[in-house]
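Atoms within each ligand, like the ligands themselves, are counted from 1 in listed order. Just so you know, these numbers use all the heavy atoms, side chains as well, and skip hydrogens, waters and symmetry mates.
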Amino acid sequence: MAEAASPSRFQEFQEILCCPRTKGALSLITVAELLERLPRDERPRVPDGTTAAFVSGSSLTAYPIIGRIVDFLDQDSLRLSNDANENLGKDAHRTSILQSVKRWYDEFGWQSNERGVYNDTATFSQVASTAHGFYELSSHLSLLDRLAGGKYILDAASGPIAHPENLAYSWLYKYHVCVDISLKALQEADTKLGSRGFYCMVDICHLPFRDAVFDGAVSGYTIQHIEASRQSTAVAELYRVLRPGAHLCVISSVNSTRTHRVLMRIMSGIRRALRLLRADASRRREQTHFGNSSPAPPHELYFYGRDLAWWRDRASELTASYSVEALRLFSKEEFEFFFNDSRRAAIAARKLETLFPRITARICTYILLDLHKPITIGCGFRKTPE
Ligand SMILES: C[S@@+](CC[C@H](N)C(=O)[O-])C[C@H]1O[C@@H](n2cnc3c(N)ncnc32)[C@H](O)[C@@H]1O
């Protein structure tokens with residue numbers, strides 16, 4: 001867990017921050033000033049461990065800073081006057097999905113199981129140095145050549161940086177800015193990034209950042225967990241904070257196409273035939289799911305998947321300079337079902353995906369959406385990226 005960071009550390013971040021609601025400027029105050037400015041009935045809501053706060057003059061709202069984490073969530077913001085925050089409650093009906101996703105990750109997804117692996121990772125992702133782990137890692141590293149470096153990279157929503165390779169996303173940047181609604185996620189991310197990280201607990205549909213301040217942005221496996229009616233807002237918000245010339249890389253699952261399903265059926269048939277030929281029916285892959293002793297999730301995790309056409313429409317609304325590429329043809333279940341622990345299969349699949357990214361995008365399970373923000377030169381002309 002982070003040691004208390006000095007307020008001067010946060011002064012530097014003021015250059016990128018704004019009020020998540022009004023987008024107005026924020027000022028930094030100490031905890032003593034905060035207590036002095038809050039109405040008496042609001043003071044008990046100041047979280048333990050608060051060292052300072054960001055204050056929005058326009059909305060008369062304070063956002064507490066706890067350790068290295070700034071809490072920009074509506075539900076935790078503090079009223080500086082009795083008239084303030086009138087509008088925040090109006091979104092209450094929309095926040096139930098957000099709350100249920102937050103609870104899933106805080107209480108289950110980012111808790112570690114008996115083997116020290118995050119429950120989310122054990123369920124959907126790599127568990128150890130398996131062939132699927134290699135497949136996934138290699139696909140994540142393919143983002144690196146789009147992250148050209150600078151002062152700030154945005155990781156939305158970072159989780160706890162569960163994949164070690166994601167640490168490399170910020171190698172060429174001064175600060176790795178992690179945002180997430182899960183406190184547990186950000187506390188864990190802090191143990192990995194330390195003072196190279198800046199951590200904001202926030203809904204990515206209302207980012208507390210000024211326009212065009214990030215020199216790169218990534219968002220892995222998150223949009224599908226945002227309420228369907230707000231997913232476009234989230235993508236537009238990520239693009240808004242991107243600096244011209246920089247790339248926003250979004251990783252998302254896509255709804256399975258007919259071609260993907262046919263391909264899976266053909267591969268199942270081939271697999272069955274091969275097993276019969278080898279009289280090898282007893283060979284069972286090792287189960288990598290969490291065991292019986294793992295805790296159960298508090299409820300089902302909200303998920304609303306989109307198809308390729310939806311992603312293309314969102315991208316083209318924002319920029320003419322985008323690509324939708326295959327990240328991985330196979331989900332974890334599919335990969336392990338067909339190939340067990342075959343590294344050769346992982347290498348072959350990656351070769352296919354990298355050689356034919358746009359064709360394989362039509363039949364893949366996970367896509368990489370790369371949005372490049374054009375540089376406007378003089379009289380509104382746009383420089384076409386390479
Ligand atoms: C599947 S995890 C992905 C984590 C990480 N990007 C990765 O690739 O491992 C999804 C993350 O999104 C966060 N999340 C979901 N909805 C969010 C929202 N509206 N705003 C910010 N974070 C959100 C969850 O708390 C969780 O940490």
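More than 12 heavy atoms of other residues, nucleotides or ligands shown are found within 6.0 angstrom of CZ on Phe338.
Between the side chains of Gln99 and Gln75, at least one donor-acceptor pair of N or O atoms lies under 3.5 Å. Between the side chains of Glu188 and Tyr118, at least one donor N or O sits under 3.5 Å from an acceptor N or O.
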Q: Mind running salt bridge (charged side-chain N to carboxylate O under 4.0 Å, His left out) on Glu353 and Arg358 for me, showing each step along the way?
A: CA-CA 8 Å; Glu353 292 151 4; Arg358 287 176 180 78; over 6 Å; no

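For the pair Trp110 and ligand 1, the shortest N or O to N or O distance falls below 3.5 Å. For ligand 1, the polar-atom distance check against Ile204 finds a nitrogen or oxygen pair separated by under 3.5 Å. Any N or O atom pair closer than 3.5 Å counts here, and Gly220 shares at least one such pair with ligand 1. At under 3.5 Å, a nitrogen or oxygen of Asp203, whether backbone or side chain, sits near a nitrogen or oxygen of ligand 1. Checking only distances, Asp180 does come within under 3.5 Å of ligand 1, N or O to N or O.
Close approach of ligand 1 to Ser182 is summarised as follows: ligand atoms under 4.0 Å from at least one heavy atom of the residue are 25 (O).
Ring pair His132/Tyr135 is perpendicular by interplanar angle, where above 60° counts as perpendicular and below 30° as parallel.
For atom 2 (S) of ligand 1, the closest non-hydrogen atom of the protein is Tyr105 OH, 3.5 Å. Among all non-hydrogen protein atoms, the one lying nearest atom 15 (C) of ligand 1 is Val101 CG1, 3.6 Å. Annotation: atom 8 (O) of ligand 1 to nearest protein heavy atom, Tyr221 CD1, 3.3 Å. In this structure, the protein non-hydrogen atom closest to atom 6 (N) of ligand 1 is Ala157 O, 2.7 Å. Protein heavy atom at the shortest distance from atom 23 (C) of ligand 1 is Ile181 CG1, 3.5 Å.
Checked against the 6.0 Å centroid threshold, Tyr366 and Phe330 do not count as a close aromatic pair. Aromatic pair Tyr175/Phe198: centroids not less than 6.0 angstrom apart. Ring-centre distance between Tyr221 and His140: below the 6.0 Å cut-off.
Ligand 1 lies out of reach of Cys205, whose nearest heavy atom is not under 4.0 Å from it.
Between the choices Arg230, His163, Met201, Arg103, the shortest heavy-atom distance to atom 9 (O) of ligand 1 belongs to His163. Atom 21 (C) of ligand 1 has its nearest heavy-atom neighbour, among Val179, Asn166, Val202, in Val202.
The salt bridge (Lys or Arg N to Asp or Glu O under 4.0 Å) test applied to Asp155 returns no partner, not counting sequence neighbours.
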